[in-house]
K.L.:
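Structure in structure tokens, see below.
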2 protein chains.
Amino acid sequence: MQKEHNLSKNQKIIFDLIDKSGGPMKAYSILFNVQKKGIKAPLQVYRALDKLVEIGKIHKIESRNAFIACQNSSCQISKATAFSICESCENVSEISNTKLSKYLSNFADSSGMKYSKYNLEFFGLCKKCKSK
Amino acid sequence: MQKEHNLSKNQKIIFDLIDKSGGPMKAYSILFNVQKKGIKAPLQVYRALDKLVEIGKIHKIESRNAFIACQNSSCQISKATAFSICESCENVSEISNTKLSKYLSNFADSSGMKYSKYNLEFFGLCKKCKSK
DNA sequence: CTTATAAATGTTATATTATTACATAACGTT
DNA sequence: AACGTTATGTAATAATATAACATTTATAAG
């Protein structure tokens, strides 16, 4: 069961915005959108984003410097993430595929390194963009 | 067989630096290191990096905004990359595991999206850091 | 060899992304 | 209430990356 986190005021404002947007949002675009709510400085945004990432409510799309709400209700925490990214329309969606996540979570190679976390980003053309 | 690319002057200077360093390097650290060779502006560095990434001589570690020489001699091009990153010492190495790359290259889900590229980053503690 | 084209370079300025440092306030426990 | 922890506010600045424009060099075609 996912631990309930009581989001603080800024965290809630920012999570709600990202969640409602339905897609990835960039930090300064978030800032612009929440200025009317009194959040005026980049640091206020980044602090909320850091916390939201930490507790798994959002994920960072590293290749895009953008943040997206977790679309996977069973996502314990952001330790195992996979996304598909359309290189044409920049649509992003979270992949939740049990076989894939099991495969990667159990992955071990000869390096002697213990993996506690991974992030995978697939790129390509989405259905819409392919048919154009 | 990998296509031979004749690197230009700046590309060669920058590739050699990254390659010799043996690890990931950041753009502005590269800039600092090549200023004595006449490369004076960030854009000169980024242009060479872009090209080197494009032809697969280096890869970008997205979560670190850093660039590393391709350690995989058979790497056709940067369409399928996997790295292991130590969260303590920040050591990075490229994973070349045939089973893993086959698994991911053939991955398809129900989204109807065709994946032409992926990047995977594993995080954890390397052998050295684990034993500290 | 020359002309055309593409690729690379040089340079200045600026945009975008993210953090440091410091002060204050709110929350949760005992 | 006193304490420690978490969150907030604010200003300044650091780190990462691109736009715009002028020029030069490499490559290929005639």
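What you see is a predicted model, and the numbers here were worked out from it, not measured in a lab. Per chain, numbering begins at 1; letters A, B, ... match sequence-line order.
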K.L.:
For the backbone of A:Lys114 and the side chain of B:Lys127, can you confirm whether one donor and one acceptor N or O come within less than 3.5 Å of each other?
P.N.:
no

K.L.:
Under 4.0 Å from OP1 or OP2 of C:dA8: is there any side-chain N or O of B:Lys51 that close?
P.N.:
yes

K.L.:
Check whether any side-chain N or O of A:Glu94 sits under 3.5 Å from a backbone N or O of A:Gln71 as a donor-acceptor pair, and report yes or no.
P.N.:
yes

K.L.:
Side chain of A:Gln11 only, please: which of D:dT18, D:dT10, D:dT8 is the nearest?
P.N.:
D:dT8

K.L.:
Hey, which sits more toward the 5' end of DNA chain D by its nearest nucleotide, A:Ile39 or B:Leu43?
P.N.:
A:Ile39

K.L.:
Starting from P on C:dT16, measure out to CZ on A:Arg64 and report it in whole angstrom.
P.N.:
17 Å

K.L.:
For B:Ala48 and A:Pro42, take the nucleotide of DNA chain C holding the closest heavy atom to each; which residue's nucleotide lies nearer the 5' end?
P.N.:
B:Ala48

K.L.:
Are OP1 or OP2 of D:dA26 and a side-chain N or O of B:Ser8 less than 4.0 angstrom apart?
P.N.:
no

K.L.:
B:Arg47 or B:Ala27: which one's nearest nucleotide on DNA chain D is closer to the 5' end?
P.N.:
B:Ala27

K.L.:
For A:Glu54 and A:Lys51, indicate whether the former's side chain and the latter's backbone hold a donor-acceptor pair under 3.5 Å.
P.N.:
no

K.L.:
Answer whether the closest heavy-atom distance between the side chains of A:Val45 and A:Tyr28 falls below 4.5 Å.
P.N.:
no

K.L.:
Please report the distance, rounded to the nearest Å, between OH in B:Tyr46 and P in C:dT9.
P.N.:
17 Å

K.L.:
Taking CD1 from B:Ile55 and P from C:dA7, how many angstroms apart are they, rounded to a whole number?
P.N.:
13 Å

K.L.:
Does the B:Ser105 side chain pair with the main chain of B:Ser101, one donor and one acceptor, at a distance under 3.5 Å?
P.N.:
yes

K.L.:
How bent is the helix from C:dC1-D:dG30 to C:dT30-D:dA1, comparing axes over its five end pairs at each side, to the nearest 10°?
P.N.:
50°

K.L.:
Please report the interatomic distance CG(A:Asn119) to CG(B:Asn119), rounded to the nearest 0.5 Å.
P.N.:
8.0 Å

K.L.:
Are the aromatic rings of A:Tyr103 and B:Tyr103 close, with centres under 6.0 Å apart?
P.N.:
yes

K.L.:
Whole angstrom is fine here: how far is it from CG in B:Asn6 over to C1' in C:dA8?
P.N.:
14 Å

K.L.:
Hey, is the side chain of B:Gln44 poking within less than 4.0 Å of OP1 or OP2 on C:dG10, counting only N and O atoms?
P.N.:
yes

K.L.:
Side chains of A:Asn97 and B:Phe107: does their closest heavy-atom pair fall under 4.5 Å?
P.N.:
yes

K.L.:
With a non-hydrogen cut-off below 4.0 angstrom, is A:Lys12 in contact with a base, only sugar-phosphate, or nothing?
P.N.:
nothing

K.L.:
Please state whether the phosphate of C:dT11, meaning OP1 or OP2, lies under 4.0 angstrom from any side-chain nitrogen or oxygen of B:Lys40.
P.N.:
yes

K.L.:
Tell me whether the side-chain N/O atoms of A:Asn65 come closer than 4.0 Å to OP1 or OP2 in C:dA18.
P.N.:
yes

K.L.:
Taking only side-chain N and O atoms of A:Lys60, does any of them lie within less than 4.0 angstrom of OP1 or OP2 on C:dA18?
P.N.:
yes

K.L.:
Check the distance between D:dT6's P and A:Leu52's CG and give it to me in whole angstrom.
P.N.:
16 Å

K.L.:
Taking only side-chain nitrogens and oxygens of A:Asn10, does any of them come within less than 4.0 Å of OP1 or OP2 of D:dG9?
P.N.:
yes

K.L.:
Quick one: A:Lys37 NZ to D:dT8 C1', roughly how many Å, whole number?
P.N.:
17 Å

K.L.:
What is the distance, rounded to the nearest whole Å, between atom NZ of B:Lys26 and atom C1' of C:dT17?
P.N.:
11 Å

K.L.:
B:Tyr28 has an atom OH; how far is it from atom P of C:dT17, in whole Å?
P.N.:
14 Å

